[in-house]
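Basis for what follows: all heavy atoms, side chains included, without hydrogens, waters or symmetry-related copies.
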Amino acid sequence: MRASVRPCVRLATRRQLRALGLRPGGQEIAGQVLRPCRRRDPLAAFLYRVDRALPVRPMTPAKAAALDRANAARRTCPNCRTDAGYVIPASLGMCTPCAYPDTDQHV
């Protein structure tokens, strides 16, 4: 088939599909875009056909509760067992006041 006669196929990345309320749905990768990087291999963005994409599965109450518990665990300091109000940095492993007790950083 010539390029001028070929039907137009709309492609999108996973993020673009998600913004449209869609998911790839098990389809094969239709193409990829490579973005060059200076010091490592190029970054690849895989493209999927929009016409074959499926709607995103709705969030169930059990899934929402599990996500709430997981996010609460990420905010809880293992040292003082309080909710820090932010995600505990992996580099510190505890809330900022526990990591730096000599400085006044308690809110």
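Inter-residue side-chain proximity for Tyr48 and Arg14 is flagged as met; some heavy-atom pair is nearer than 4.5 Å.
Listed here is the closest heavy atom pair of Cys77 and Cys80: SG-N, 3.5 Å.
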Could you go through the side-chain contact (heavy atoms from CB on, under 4.5 Å) check for Cys95 and Ile88 one step at a time?
CA-CA 6 Å; Cys95 65; Ile88 304 293; 4.0 Å; yes
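For the salt bridge (charged side-chain N to carboxylate O under 4.0 Å, His left out) condition, no pair includes a residue of residues 89-100, sequence neighbours left out. Applying the salt bridge (charged side-chain N to carboxylate O under 4.0 Å, His left out) test to every pair with at least one member in residues 75-97, sequence neighbours left out, gives these pairs: Arg75-Asp83.
Partners of Asp41 according to the salt bridge (charged side-chain N to carboxylate O under 4.0 Å, His left out) rule, which considers only residues two or more places apart in sequence or in another chain, do not exist here. Remark: Ala66 engages Arg69 in a side-chain contact (heavy atoms from CB on, under 4.5 Å) (not counting sequence neighbours). Applying the side-chain contact (heavy atoms from CB on, under 4.5 Å) criterion to Pro89, with sequence neighbours excluded, gives Tyr86, Ser91, Leu92. Under the rule for a side-chain contact (heavy atoms from CB on, under 4.5 Å), the partners of Thr60 that lie at least two apart in sequence or sit in another chain are Ala62, Lys63.
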List the atom pairs, with distances to 0.1 Å, where a side-chain N or O of residues 16-37 and a protein N or O form a donor-acceptor pair under 3.5 Å, not counting sequence neighbours.
| from | atom 1 | to | atom 2 | distance (Å) |
| --- | --- | --- | --- | --- |
| Gln16 | OE1 | Thr13 | N | 2.8 |
| Gln16 | OE1 | Thr13 | OG1 | 3.4 |
| Arg23 | NE | Pro55 | O | 3.0 |
| Gln27 | OE1 | Arg49 | N | 3.2 |
| Gln27 | NE2 | Pro24 | O | 3.2 |
| Gln27 | NE2 | Arg49 | O | 3.1 |

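Placement of Val50 and Leu11 in two distinct hydrophobic clusters is found when ILVMFWY residues are connected by side-chain heavy-atom separations under 4.5 Å, directly or transitively.
Under a 4.5 Å side-chain heavy-atom criterion applied to ILVMFWY residues, the cluster that includes Met94 comprises that residue alone. Its side chain within the 4.5 Å cluster rule, Met59 clusters with Leu67 among the Ile, Leu, Val, Met, Phe, Trp and Tyr residues. Other residues sharing the hydrophobic cluster of Val56, ordered by chain and number and joined by side-chain separations under 4.5 Å: none, the residue standing alone.
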